[in-house]
Amino acid sequence: MNILEELRSRFREPLSQWVDDPEPYLAMVRRAQDVRFGDVQANFAMPLAKRVGQNARELATEIVASLDVSDLCEEPEVAGPGFINLRLRTDWLEQATASLVTDERLGHVAVSTARNYVVDYSAPNVAKPMHVGHLRSTVIGDSLCRLLRFQGHRVIGDNHIGDWGTQFGMLIFGYKHFLDAEAFRREPVQELARLYRLVHQLSSYHDARRELPAQQEQLAQLRKQIEAAEKASDVEPKQRSRTLKKLRKSLEEVAERCRQLEAACAAVESSPELKSLADAYPDIAEQARAETAKLHAGDEENRRLWELFLPSCLDALQRIYDRLGISFDLTLGESFYQPMLEEVVEELQGKGIATESEGAVCVFVEGNEAPLIIRKTDGAFTYATTDLATIKYRREKLKAESILYVVDARQSEHFRLVFEVARRWGFGNIDFRHVRFGTVLGRDGKPFKTRSGDTVGLESLLDEAVARARAIVDENDDAKPDGPELDEATRTAVAEVVGIGGIKYADLKHNRESDYVFDWDKMLAKNGDSATYIQYAYARICGIFRKGGVDREQLRREGGTIRIERPVERALVVQLLQFPEAIDAAAVECRPNFLAQYLFATANRFTAFYDECQILPEQDADRRRGWLLLCDLTARALKLGLELLGISVCERM
RNA sequence: GUCCCCGUAGCUCAAUCGGAUAGAGCGUCGGCCUCCGGAGCCGAAGGUUGCAGGUUCGAAUCCUGCCGGGGAUACCA
């Protein structure tokens, strides 16, 4: 039972005597913020009182009089300006908790009307190695799939991979000119990655060489302008300082850009080998683009190479997904939609939604200067075209009712336009949602990079996490009073669970919309709000059962009464009963951090309980049994909750 | 230039479409191991929620302006 929902439904009848639509007021029934206000508080009396022109306290009192919650709660209290405070009855709590013992879903009730969801997440570009930037989409998207599915919805997780873009032109060009055939035979993925990096480096070198003089010129210009502005005496001081600030900021940006370009040049010029390659291929970027164009135009050779590369690229991705414990129902990349793009453009033009402008086919959306371009001047389609084709496919073939895009917040404008165009096109019945997330930053507050400025590869990130976790596991196990108890294989397995779990949890615990700082030390911290802490709480409970020789299945079958005699017990019980609320809130708002927060609080309340109540030595058999039942429920809540975040647990660690 | 997002404890972050005395973790300080796993527990200090106005019973949350940060902005995805 979702307690909040239950109490809301109790208020529905009394409220409907005051308003036609009680729903918005029912939403104001929520968990109490402070134990002094009970367990649940209803805050609707104040706004409602204003609407019906009555005193809020009196109104609250009247509503309470016609409210029937006596089976669940103590006598409701009206407090302050008109808050209604509800405190759950101890006997009800005891009975409700006992009823969870045999409930596999721990009180959560599946939705009555299931919807068809398509969740679009991860979506790496397959031609280049995955990096830290893909982590958030992958991890958040996976958790949302799990949550929605648990709620009872039909969910299709779709990995909309980039398998058709300019990166493939670079690979093809690299393969044709720089291939180490032996290396490709042995380790195709590594060789492809090398080719990608090489072509990318050479083409950015030429770009940099070309761009640098202009940037340096601008740098000089800005310096002059700043000098001039500093001397200017005919403008208001305020205006002048504003201008100066703006100029200085531009200066900084341009200077930074120059440094980058110089570094790109130096990297190539310091290596005779690279330099001679660069000299040999001065127009490498155009040539790579030409290879992409040929691929798109159906060139046989390039098509063959694309088909040759793709399986290895997908294998490389799969390795990472396997390690993360993430799977997709579909992997339909951009190439899949290629045959449909022509028709998309024709349809939109036919309906008068798209028009030609400056040689490109565009859709203009009110309030936006820049149009959505669905066919470029050169005739090529864009990712906007693909996104639109994808929507049509998902609606018509996958019967999608809701589509979630778990994508970087920087693409907000793109999605706003795409959704708007899709609605005009006739897909207004789809519930579109851009589940946006912020950037992963390094400890310096800038986008997370290696010391040399490269993006951090995802695989090495996972290796690092597991290695750090392993060190902690070793240290902990070696320090056990009765000597180490984990063998080599177990330690390896535990380190994997702790390391991967740590990375995922660090991501999921944050509000996804804000940027977050990637910090190894916090991620795998032995204490505090981390996956490790929750996993450890779970392992401790398992330890109790192991040590006590308790068969959990049997314990559940036999049942027993759960008595609430101390505050720590009550706190834990209330927490356990809130499991359904945490799941629903996280799923409805697409915010896994709600669930993460819940799990941390649950683990925390458990350890407080555990600290105060000596379970195994307890002499009173009924009390001991009740405590064991609480342990079992807690363990199950932690395990299931972590599972819905995509995080595993260990019996010992 | 236009548009979008953000600014909360020393640090990293919460705060469930406006609710009561703004919460956690880390760090700091102080307690707790003859006791089931101390990767732990309990407690303390720490805040004018960037600034100034406004809206109302009530504002971190909504509106306006300013300051500061980030991002997007016609043919890369």
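Residue numbering restarts at 1 for every chain, and letters A, B, ... go by the order of the sequence lines. These numbers were taken from a predicted model, which means no experiment stands behind them.
The CD-P distance, from A:Glu286 to B:C76, rounds to 13 Å in whole Å. Summarising the geometry, the separation between CG on A:Asp519 and C1' on B:G25 is reported as 12 Å, rounded to the nearest angstrom. As rounded to whole Å, 14 Å separates atom P of B:C42 from atom CZ of A:Phe609. Atom NZ of A:Lys547 and atom C1' of B:G37 are 8 Å apart (whole Å). Note: CZ (A:Phe600) to C1' (B:G23) measures 12 Å, nearest angstrom. In this structure, CD of A:Glu612 is placed 16 Å from P of B:C36, rounded to the nearest angstrom.
Counting non-hydrogen atoms under 4.0 angstrom, A:Ser514 reaches the backbone sugars and phosphates but no base. Within the nucleic acid shown, A:Asn55 has no heavy atom closer than 4.0 Å to any nucleic acid atom.
Across all strands shown, B:G37 forms no Watson-Crick or G-U wobble pair with both distances under 3.5 Å.
Considering only side-chain N and O atoms, A:Lys246 lies under 4.0 angstrom from the phosphate OP1 or OP2 of B:G1. Contact between the side-chain N/O atoms of A:Arg30 and the OP1/OP2 oxygens of B:G19 is found at a separation under 4.0 Å.
No donor-acceptor pair under 3.5 Å is formed between the side chain of A:Gln411 and the backbone N or O of A:Asp408.
The stretch residues 586-599 of chain A comes close to RNA chain B through A:Asn593, A:Phe594, A:Gln597, each having a heavy atom under 4.0 Å from the strand.
Taking atom C1' on both B:G69 and B:C57, the two are 36 Å apart, rounded to the nearest angstrom.
Centre separation under 5.5 Å together with a plane angle under 30° holds for the ring of A:Phe37 and the six-membered base ring of B:A20, marking them as stacked.
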